[in-house]
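The structure displayed is predicted, hence computed values, not measured ones.
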Amino acid sequence: MAILFIGKRFYTNRDAFNESYGRIYQLPWWWAHENVPTRLWMVDYHGRKNMYKRDGDLQVISTPVRNLAVLWRYLREVWRRNRFKTVPDIVIASGDCYIGLMAYRLARQLGASFFFDVYDKYDEFGAYRQVVGFDPFRFLLTRADACFFASNLLMDDLGANV
């Protein structure tokens, strides 16, 4: 089993890449530490440079949105499948619904399972509400092969609506 974890680089006013901060960094790090082939791709809404590092067995990539690096990384993931016949078995999205939608689409293109990591009630933020009759949060919750939640309270709160 191989995992591609796609998450937000900056969240809760912290830099997950430089600080090895939060669940977006720590979940993939622990899986890699336990010998599960895992790559972490961070989407950077603020920076302008691609960044790479290796932390033990974890390969970490940060790509900015501003210079289309996210698009190139997405295309590279698809190209890897065609070129090397290597794809992750699971694509996990964490960070926001836009990252979730991209990860969902990538997982479907690669023939991988899609997991949605929910660490907040995204539907309470204006940017994540329905867009022209489309609710990305509900779409991801109902289309994910599996969801995991930051707490039982959050899961219970969303469970009635999922």
Practice task
Test side-chain contact (heavy atoms from CB on, under 4.5 Å) on Tyr98 and Val43 and set out the steps.
Solution key: CA-CA 10 Å; Tyr98 305 117; Val43 176; over 6 Å; no
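Across Leu110 and Val78, no two heavy atoms sit closer than the pair CD2-CA, 4.1 Å. Counting all heavy atoms, side chain and backbone alike, Met1 lies closest to Pro37 at O-CD, 3.2 Å. The shortest non-hydrogen separation linking Ala93 to Gly100 is CB-CA, 3.5 Å. Tyr11 approaches Gly22 most closely through the heavy-atom pair OH-CA, 3.1 Å. Closest approach of Leu101 and Pro136 over heavy atoms only: CD1-CB, 3.8 Å. Minimum heavy-atom separation, Ala16 to Lys8: CB-O, 4.4 Å.
In this structure, the separation between CD1 on Ile92 and CG on Leu40 is 10.5 Å, given to the nearest 0.5 Å. One distance of note links SG of Cys97 with CZ of Phe134; it measures 9.0 Å at 0.5 Å rounding. With rounding to the nearest 0.5 Å, the separation of CZ in Arg66 from OH in Tyr45 is 12.5 Å. Taken to the nearest 0.5 Å, the CD1 atom of Ile6 stands 9.0 Å off from the CZ atom of Arg39. To the nearest 0.5 Å, the span separating CH2 on Trp79 from CZ on Arg73 amounts to 10.5 Å. The distance from the CG atom of Leu58 to the CD1 atom of Ile3 is 10.5 Å, given to the nearest 0.5 Å.
Checked against side-chain hydrogen bond (donor to acceptor under 3.5 Å, both in side chains), Thr38 has no partners two or more places apart in sequence or in another chain. Residues satisfying the salt bridge (Lys or Arg N to Asp or Glu O under 4.0 Å) test with Asp145, not counting sequence neighbours, are Arg108. Partners of Arg143 according to the side-chain contact (heavy atoms from CB on, under 4.5 Å) rule, which considers only residues two or more places apart in sequence or in another chain, are Tyr104, Phe139. Taking Phe10 as the reference, Asp15, Asp44, His46 meet the side-chain contact (heavy atoms from CB on, under 4.5 Å) condition, with sequence neighbours excluded. In terms of the salt bridge (Lys or Arg N to Asp or Glu O under 4.0 Å) criterion, residue partners of Arg14 (sequence neighbours excluded) are, by chain and number, Glu19. Remark: Gln109 pairs with Tyr74 by the side-chain hydrogen bond (donor to acceptor under 3.5 Å, both in side chains) rule, at least two apart or across chains. Residues that satisfy the side-chain hydrogen bond (donor to acceptor under 3.5 Å, both in side chains) test with Trp29, not counting sequence neighbours, are Asp55. By the side-chain contact (heavy atoms from CB on, under 4.5 Å) test, Ala146 is found to be paired with Phe115, residues two or more places apart in sequence or in another chain being considered. Listed by chain and residue number, Phe17, Ser20, Tyr25, Val60 satisfy the side-chain contact (heavy atoms from CB on, under 4.5 Å) test with Lys53 (two or more places apart in sequence, or in another chain). With sequence neighbours excluded, the residues that form a ring-ring contact (aromatic ring centres under 6.0 Å, His included) with Trp30 are His33.
Using a distance-only test at 3.5 Å, with no hydrogens or angles considered, a donor-acceptor pair links the side chain of Asp89 to the main chain of Ala2.
Inter-residue side-chain proximity for Glu77 and Val91 is flagged as unmet; no heavy-atom pair is nearer than 4.5 Å. Side chains of Asn50 and Trp72 form no contact here, defined as non-hydrogen atoms less than 4.5 Å apart. In this structure, Leu71 and Met102 have side chains that are not in contact, with every pair of non-hydrogen atoms separated by 4.5 Å or more. In this structure the side chain of Phe148 reaches within 4.5 angstrom of the side chain of Leu27, judged on heavy atoms. In this structure, the side chains of Ile24 and Tyr119 come closer than 4.5 Å at one or more pairs of heavy atoms.
Counting only residues at least two apart or in different chains, salt bridge (Lys or Arg N to Asp or Glu O under 4.0 Å) contacts with residues 20-32 comprise Arg23-Asp117.
Ile61 forms part of a hydrophobic cluster together with Tyr52, judged by ILVMFWY side-chain heavy-atom separations under 4.5 Å.
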